[in-house]
Amino acid sequence: MDNCIELGGKLTLEEFIRVVREHVPVSFSEAYKKRVNRSRELVEQWTAEERVMYGVTTGFGALCTKTISKDEAAQLQRNILLSHSVSVGTPLPEETVRGTMLMVLQNLGQGYSGVRLALLEMYREFLNRGITPWAPGDGSVGYLSPEAHMALVLLGEGKATWQGELLEGKEALKRAGLSPITLASKEGLALISGTTSVTAMGAIAVYDMIQAAKSADVIGACSLENCRGLLSAFDERVMSVRPHPEQKGCAENVRTVLAGSEVIEKAKTSHLQDALSLRCIPQLHGAVKKTLYDAKRTIETEMNSCCDNPTIWPEAGAEDVISACNCDSSYVGLEMDSCSIAAVMLAKMSERRNNRMIDGNTSGLPAFLIRNPGLNSGLMVPQYTQAGLINRMRVLAYPASVDNTPTCMNQEDYVAMGYNAAQKACEMAQKLEYVLAIELLTDYEAQAFRNPSERISAAADAVYRRIEERIPVLTEDEFLYPYIEFLRQMIHSGELLRITEAITGPLQ
C-alpha cells in the first residue's frame, strides 16, 4: 500500500525517509509477527529455567558475572533504562528519533532478539500517532544513552513531544490514547544495545548527501554555462578511457542538463581548457558519488540486520543464545567518516566555481555580479559564508572512527565511535546544501548578464524561472539570507532535481 510501509521484508532507504520525514505509517507483516513471537517463546522458557544469558539473567557489561534471578528480570530491564539515560546536550531532531525507533522495529523484528510483539507495537504506535521521545544527542559511543531516553517514554517516564508540545512521558501517552507498559526480560537491553541511532542518522545523512551530489551536477552545469565553459571535457570518449561508472554518469548528467545551450555551443572554440573546478566536475563529483553509493549499500544492509546482543537463535533443534557483538558500529562509522570527507570535496569545488563567477577578473562580468559595485557589495559576502562553512566542514571531516576510549572497566576496551561519525555526517549534509545553495544563487544572478540573443539550456531556464518567483535579479544590495534559505530548501526537498528531471529525465 502506498500509504503504509509494511515491515517484515527488506526496507529501502527511500522507504525509511518516507516514514521519518513524511510520517507514512508502518505495519507489521504476518512473517514479522511470527518471527518475533517465536524468539520470545525461547527467552521466556530460558528465563524460567534461569539459564545464563547475558543481560537477561546477568548484569550488563563488566557486571556480566553478577547473577540475576528470574524474579528480578523485569526490574533489571527497568534499571538499565534509568541508569543509561545519561546522554546530554541539545535534543536530537524529530527525524532522528523517529528513524531510531524505526530501526529498533527493524532490528528487533528480525526475530533474533526475544522481545515481545507488544513492545514493538508500542514503538509502532509512537511512529503512527506522532509521539516523539525527547533524547539529548551528545555522549554516545555508538548505542545505549539516547536510546534509553527514548525508551523511558514506553514506561510513562522521560519526556516526549506530541502535537508540538513537550510533555512528561506519561502525559504524552495519555493524550495519544496509550498506556505505559512494564518491560519483561531482555527488553530493556534490546531497546538500547544496537546500531539503531547510528544507522538512523547515517541513513538520513547519506540520503541528503546523495540528493545534494545530484543537485551539484545541475548547479555545476549551470556554472559551466555561466562561465562559457567547454563541454569537450565531458565527452563520452574521455569518460570511456577512465571507466568509473559514477564519473561517466556525472558527465552524462552535465551534457543532458546543458542540451540545447547556444551559450555552450558558441563557447566551444573560444579557448583550450577551463579551470579544474569546471572541467574536473565528472572526476570529483563521480568519486563523491561512488563513496555515497557505497555507503548507501552499507546502510541498507545495516537497516535490514539484527544488531542486538545477545542473539537468540530460534532454529528448531539448534536453539541457542549467543553473546557476540553485532552492536558494533564500525560499518556505519567508517562509511559516515568517508561520506563526510566526500562532502568537503564536493563543497570545496562548489566554492571555487562560485568564486570564479563573482570575480570580475575570471568571469568577465561585473565584480560580485552587481552593476554598481562599491556602493553595493552584491554577492561578495555569500562566498565568505561558503568559506566559513567549509572551514567547519574540514574540522568535522576528521574521522571519529579512529578514536578509542575504553569503557566499562575495560570490558569494552575497543569502541567504534560510529555514533559520532553518523551525527557529524548529518551536520555535514546540511552545510553542503548551504554551500551549493550559494553557488546556485550566484548562477541565477550571473545568468541575468548573459547575451539575451543566446539561448540557455531548457533545464537551466526551468530552474531559473522557479527561482525568479522568489528571488529578484539584484540591482542594489538586498537582504540575502532568506534567498539562501529558499535555495537550500530547494536542494534539501528535492525540488531542484524534480524541476530539472522534468526536462532531462532521471539523472544518475
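- Heavy-atom contacts from other residues, nucleotides or ligands closer than 6.0 Å to NZ of Lys348 number 12 or fewer.
- No more than 12 heavy atoms of other residues, nucleotides or ligands sit less than 6.0 Å from atom OH of Tyr112.
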* Asked: Would Cys250 and Ile281 satisfy side-chain contact (heavy atoms from CB on, under 4.5 Å), going step by step from the backbone distance to the final call?
  -> CA-CA 8 Å; Cys250 176; Ile281 288 174; 3.9 Å; yes
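- Under the 3.5 Å distance criterion, the side-chain polar atoms of Gln110 are matched with a main-chain donor or acceptor of Gln106.
- Looking only at distances, no side-chain donor or acceptor of Ser113 sits under 3.5 Å from a matching main-chain atom of Gly109.
- Of the charged side-chain nitrogens involved, at least one lies within less than 4.0 Å of a carboxylate oxygen, so that Glu165 and Arg175 count as a salt-bridged pair.
- Salt-bridge formation is not detected for the pair Glu14/Arg18: no Lys NZ or Arg NE/NH1/NH2 atom is positioned less than 4.0 Å from an Asp or Glu carboxylate oxygen.
- A distance of 11.0 Å separates OG of Ser145 from CG of Leu81, quoted to the nearest 0.5 Å.
- Side chain of Thr12 to backbone of Glu15: a donor-acceptor contact under 3.5 angstrom is found.
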* Asked: Going through the distances and angles, do Lys431 and Glu427 end up as a salt bridge (charged side-chain N to carboxylate O under 4.0 Å, His left out)?
  -> CA-CA 6 Å; Lys431 285 177 169 49; Glu427 183 179 346; 3.0 Å; yes
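- When Glu41, Glu187, Glu44, Glu121 are each tested for a salt bridge (charged side-chain N to carboxylate O under 4.0 Å, His left out) with Arg116, only one passes: Glu187.
- Between Val415 and Asn404 the shortest heavy-atom distance is N-OD1, 2.7 Å.
- Side chain of Arg488 to backbone of Ala437: no donor-acceptor contact under 3.5 angstrom is found.
- Lys186 pairs in a side chain to side chain contact (heavy atoms under 4.5 Å, CB included) with only one of the listed residues (Thr47, Asp308, Val115), which is Asp308.
- Atom OG1 of Thr96 and atom CE of Met101 lie 11.0 Å apart (nearest 0.5 Å).
- Salt-bridge check for Lys10 with Glu300: failed, with every basic side-chain N at 4.0 Å or more from each acidic carboxylate O.
- A distance of 6.0 Å separates CG in Leu441 from CG in Leu487, rounded to the nearest 0.5 Å.
- For Lys248, the NZ atom counts as loosely surrounded, since its 6.0 Å shell holds 12 or fewer non-hydrogen atoms of other residues, nucleotides or ligands.
- Judged by distance alone, the side chain of Asn253 and the main-chain N or O of Leu507 form no donor-acceptor pair under 3.5 Å.
- Atom OG1 of Thr196 sits about 10.0 Å away from atom CG of Leu105, to the nearest 0.5 Å.
- Ion pair Arg35/Glu30 not flagged as a salt bridge, since none of the NZ, NE, NH1 or NH2 atoms sits closer than 4.0 Å to an Asp/Glu carboxylate oxygen.
- A salt bridge is defined here as a Lys NZ or Arg NE, NH1 or NH2 lying under 4.0 Å from an Asp or Glu carboxylate O, and Glu157 with Lys170 fails to meet this definition.
- Ion pairing of Glu246 with Lys290 is absent here, as no side-chain N (NZ or NE/NH1/NH2) approaches a carboxylate O to less than 4.0 Å.
- Environment of OH in Tyr434: crowded, with over 12 heavy atoms of neighbouring residues, nucleotides or ligands closer than 6.0 Å.
- A donor-acceptor pair under 3.5 Å links the side-chain atoms of Arg98 to the main chain of Val19, judged by distance alone.
- None of Val395, Thr385, Val435 except one satisfies the side chain to side chain contact (heavy atoms under 4.5 Å, CB included) rule with Ile390; the exception is Val435.
- Side-chain atoms of Asn37 come within 3.5 Å of backbone atoms of Lys33 as a donor-acceptor pair (strictly under, hydrogens ignored).
- Atom-to-atom distance recorded for Tyr143:OH and Ser329:OG is 7.5 Å, nearest 0.5 angstrom.
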* Before giving the answer on side-chain contact (heavy atoms from CB on, under 4.5 Å), spell out for Leu120 and Leu108 the whole-Å C-alpha distance, their side-chain angles and the decisive distance to 0.1 Å. => CA-CA 8 Å; Leu120 302 182; Leu108 305 187; 3.9 Å; yes
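- In this structure, Tyr123 has its ring center under 6.0 Å from that of Phe126.
- Side chain of Ser29 to backbone of Tyr32: a donor-acceptor contact under 3.5 angstrom is found.
- A cation-pi arrangement, defined by a distance under 6.0 Å to the six-membered ring centre and an angle within 45 degrees of its axis, is present between Arg51 and Trp46.
- The two residues Arg40 and Ala184 have their closest heavy-atom pair at NH2-CB, 3.3 Å.
- Residue Gln211 holds its CD atom at 9.0 Å from CG of Leu496, rounded to the nearest 0.5 Å.
- Heavy-atom minimum distance, Thr199 versus Met303: CG2-CG, 3.7 Å.
- Using modelled atom types, no side-chain atom of Asp320 and backbone atom of Ile322 make a donor-acceptor pair closer than 3.5 Å.
- Of all non-hydrogen atoms in Leu191 and Leu183, the two that sit nearest each other are CD1-CD2, 4.1 Å.
- Looking only at distances, a side-chain donor or acceptor of His149 sits under 3.5 Å from a matching main-chain atom of Ser87.
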* To do: Determine, stepwise, if the pair Ser193 / Asn309 fulfils side chain to side chain donor-acceptor pair (under 3.5 Å).
  => CA-CA 7 Å; Ser193 181; Asn309 177 48; 5.3 Å; no
* Decide yes or no on side chain to side chain donor-acceptor pair (under 3.5 Å) for Gln77 and Ser185, but give the supporting numbers first. => CA-CA 7 Å; Gln77 302 308 311; Ser185 55; over 6 Å; no
* Step-by-step side-chain contact (heavy atoms from CB on, under 4.5 Å) determination, Val20 to Leu127 -> CA-CA 8 Å; Val20 303; Leu127 289 173; over 6 Å; no
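- The minimum heavy-atom distance between Leu144 and Glu147, with the atom names listed, is N-OE1, 3.1 Å.
- Glu319 and Arg38 are joined by a salt bridge, as a carboxylate oxygen and a charged side-chain nitrogen come within less than 4.0 angstrom of each other.
- Here the rule is side chain to side chain contact (heavy atoms under 4.5 Å, CB included) with Lys214, and of Leu497, Ile491, Thr500 only Leu497 fits it.
- Closest of all the heavy-atom pairs between Leu189 and Pro310 is CD2-CD, 3.9 Å.
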* What do the steps show when you test Arg242 against His244 for side-chain contact (heavy atoms from CB on, under 4.5 Å), and what is the final call? -> CA-CA 6 Å; Arg242 195 192 192 196; His244 293 291; 4.0 Å; yes
